[in-house]
Amino acid sequence: MAAVRRAVERIIESDPTIRTGLHRGIINSRALSRYILENCAVDSTPDAVLGILRRYPLDGGRERENRLNLKDSNVSMRGGIAYLTIENSPDVMKSVAEFARTIRSMRGEIFRVIVCSDSVRVIAGQEAIENFRQSFRQKEIISYSPNLAEISLLLPFGTERLGEIATAVTAQLTVNRISVVGMLVCPPEDIIIVSETDASRTFEALQQLLREEAQNHSRKARALKNGFARPDKLLEILRLDDSIMSPILAA
């Protein structure tokens, strides 16, 4: 057991992102324990690694004020979309505006545009994007990605710490080895674009994140209802918190 503890501690100490995330309380400890077992050649059990992570000494303790509350969030999924990136120019913007008028948003059709200094990225239903793509010369098209899905995390209005939530979502996807095509942070919604083959795993990973956050909330509520514990018991309660992790924005 001592050898496992030393191995886990070396993993934490060699990765500043993991150490900082643990300190801020925004790494999901259960997901991190699975990641360590699957990727770091540690011969142990999930519960043993989880216990080591919870007991790992952190300077100043966890920053509990950064604890996230996702219990009122919802996750939805939609497939059959595509991602087109084209060169930015006045004519291209005119074409995008004309294309936007063909989208029937009242019927639930997807249409999203990201305008950068040298490119325009359009996300819509795959059939609509296929037709739109035909209106451009090949040299105007930077990239085209079909067979994608959109996973939407709808947050409560007025949610604070949006950066930490985006970081938490990214960490959850990373430890579950999900490759993200793009991520859009547009309050009160985080939109994750993945391949259709990864869609169901992405959906489940985010649902797991919400479930674990709700369980943490329930544990803390019961602890408060029962009054303040002795310092040693309070420390154990704090160590039961698994929350979430660290950065990214879209592409």
Side-chain angles (χ1 to χ4, degrees), residues 26-28 30-31 67-85 96 99-100 102-116 119-130 132 143-217 242-251:
I26 55 173
I27 284 186
N28 186 300
R30 290 185 185 278
R67 189 68 54 197
L68 304 176
N69 186 354
L70 299 174
K71 68 184 182 67
D72 295 322
S73 301
N74 293 299
V75 184
S76 62
M77 177 173 65
R78 185 180 305 186
I81 67 174
Y83 197 140
L84 177 67
T85 305
V96 171
F99 175 55
T102 69
I103 300 297
R104 294 169 291 186
S105 58
M106 295 298 291
R107 298 188 182 183
E109 294 185 7
I110 293 176
F111 177 70
R112 308 191 191 282
V113 177
I114 306 159
V115 180
C116 303
S119 65
V120 179
R121 307 177 185 195
V122 183
I123 303 169
Q126 185 163 319
E127 183 178 350
I129 286 283
E130 286 279 5
F132 182 50
S143 65
Y144 173 62
S145 302
N147 304 317
L148 301 178
E150 175 182 286
I151 316 298
S152 173
L153 175 62
L154 184 62
L155 307 167
F157 279 96
T159 298
E160 299 178 353
R161 310 188 193 285
L162 293 171
E164 284 93 338
I165 291 175
T167 283
V169 169
T170 302
Q172 181 76 348
L173 300 181
T174 299
V175 296
N176 282 281
R177 306 174 76 173
I178 294 169
S179 178
V180 176
V181 175
M183 181 173 174
L184 315 178
V185 179
C186 41
E189 190 174 23
D190 283 358
I191 299 165
I192 300 98
I193 309 295
V194 297
S195 68
E196 287 188 331
T197 56
D198 282 340
S200 60
R201 289 198 306 119
T202 305
F203 185 79
E204 173 56 32
L206 293 181
Q207 283 195 318
Q208 180 187 42
L209 183 64
L210 300 187
R211 285 196 299 268
E212 292 183 357
E213 183 70 12
Q215 290 168 3
N216 293 336
H217 178 79
D242 301 332
S243 213
I244 15 198
M245 160 167 167
S246 155
I248 151 172
L249 193 50

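Hydrogens, waters and symmetry mates play no part in the numbers below; they use all other heavy atoms, side chains included.
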- Task: Please name all residues satisfying ring-ring contact (aromatic ring centres under 6.0 Å, His included) with Phe99, sequence neighbours left out, ordered by chain then number.
- Result: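 By the ring-ring contact (aromatic ring centres under 6.0 Å, His included) rule, Phe99 matches Phe111, Phe132.
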- Task: Would you check if the side chain of Glu109 reaches a backbone N or O of Arg104 as a donor-acceptor pair within less than 3.5 Å?
- Result: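 A pair under 3.5 Å: yes.
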- Message: Given 3.5 Å as the limit, does a donor-acceptor pair link the side chain of Arg201 with the main chain of Asn176, or not?
- Response: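 Yes: the side chain of Arg201 pairs with the backbone of Asn176.
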- Message: Hydrogens and angles aside, do Thr85 and Ser143 bring a side-chain donor and acceptor to less than 3.5 Å of each other?
- Response: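 Yes, Ser143 and Thr85 have a side-chain donor paired with an acceptor closer than 3.5 Å.
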Test side chain to side chain donor-acceptor pair (under 3.5 Å) applied to [X] - qualifying residues, sequence neighbours left out:
X      : value
Arg112 : Glu150
Arg177 : none
Glu196 : none
Ser145 : none

- Message: Let's go through Leu153 and Ile151 carefully: what are the C-alpha distance in whole Å and the side-chain angles of both, what is the deciding distance for side-chain contact (heavy atoms from CB on, under 4.5 Å) to 0.1 Å, and is it a yes or a no?
- Response: CA-CA 7 Å; Leu153 175 62; Ile151 316 298; over 6 Å; no
- Message: Glu127: which residues meet the salt bridge (charged side-chain N to carboxylate O under 4.0 Å, His left out) condition with it, sequence neighbours left out?
- Response: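 With neighbours one apart ignored, the set is empty.
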Within the structure provided, determine whether [X] and [Y] are in side-chain contact (heavy-atom separation under 4.5 Å).
X      : Y      : answer
Val113 : Arg121 : no
Val120 : Ile114 : no
Ile123 : Leu184 : yes

- Might you point out which heavy atoms bring Ala149 and Ile81 nearest each other, and give the distance in Å?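 So the two residues come closest at C-CD1, 3.8 Å.
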- So how far is it from Asn74 CG to Leu155 CG, rounded to the nearest 0.5 Å?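 Those atoms lie 9.5 Å apart.
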- Atom pair OG1 (Thr202) and CD1 (Ile178), whose distance is rounded to the nearest 0.5 Å: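 These two atoms lie 3.5 Å from each other.
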- Message: Which residues pass the side chain to side chain contact (heavy atoms under 4.5 Å, CB included) test with Ala82, not counting sequence neighbours?
- Response: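 With neighbours one apart ignored, the set is Gln126, Ile129, Tyr144.
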- Report the residues that fulfil side chain to side chain contact (heavy atoms under 4.5 Å, CB included) with Glu204, sequence neighbours left out, ordered by chain and then residue number.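 So Glu204 forms a side chain to side chain contact (heavy atoms under 4.5 Å, CB included) with Gln207, Gln208, Arg211.
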Would you tabulate the side-chain donor-acceptor contacts of residues 185-195 under 3.5 Å, counting partners in other chains and residues two or more places apart, or write 'none'?
unit_1: Glu189; atom_1: OE2; unit_2: Ser152; atom_2: OG; d: 2.3
unit_1: Ser195; atom_1: OG; unit_2: Thr197; atom_2: OG1; d: 2.9
unit_1: Ser195; atom_1: OG; unit_2: Asp198; atom_2: N; d: 3.4

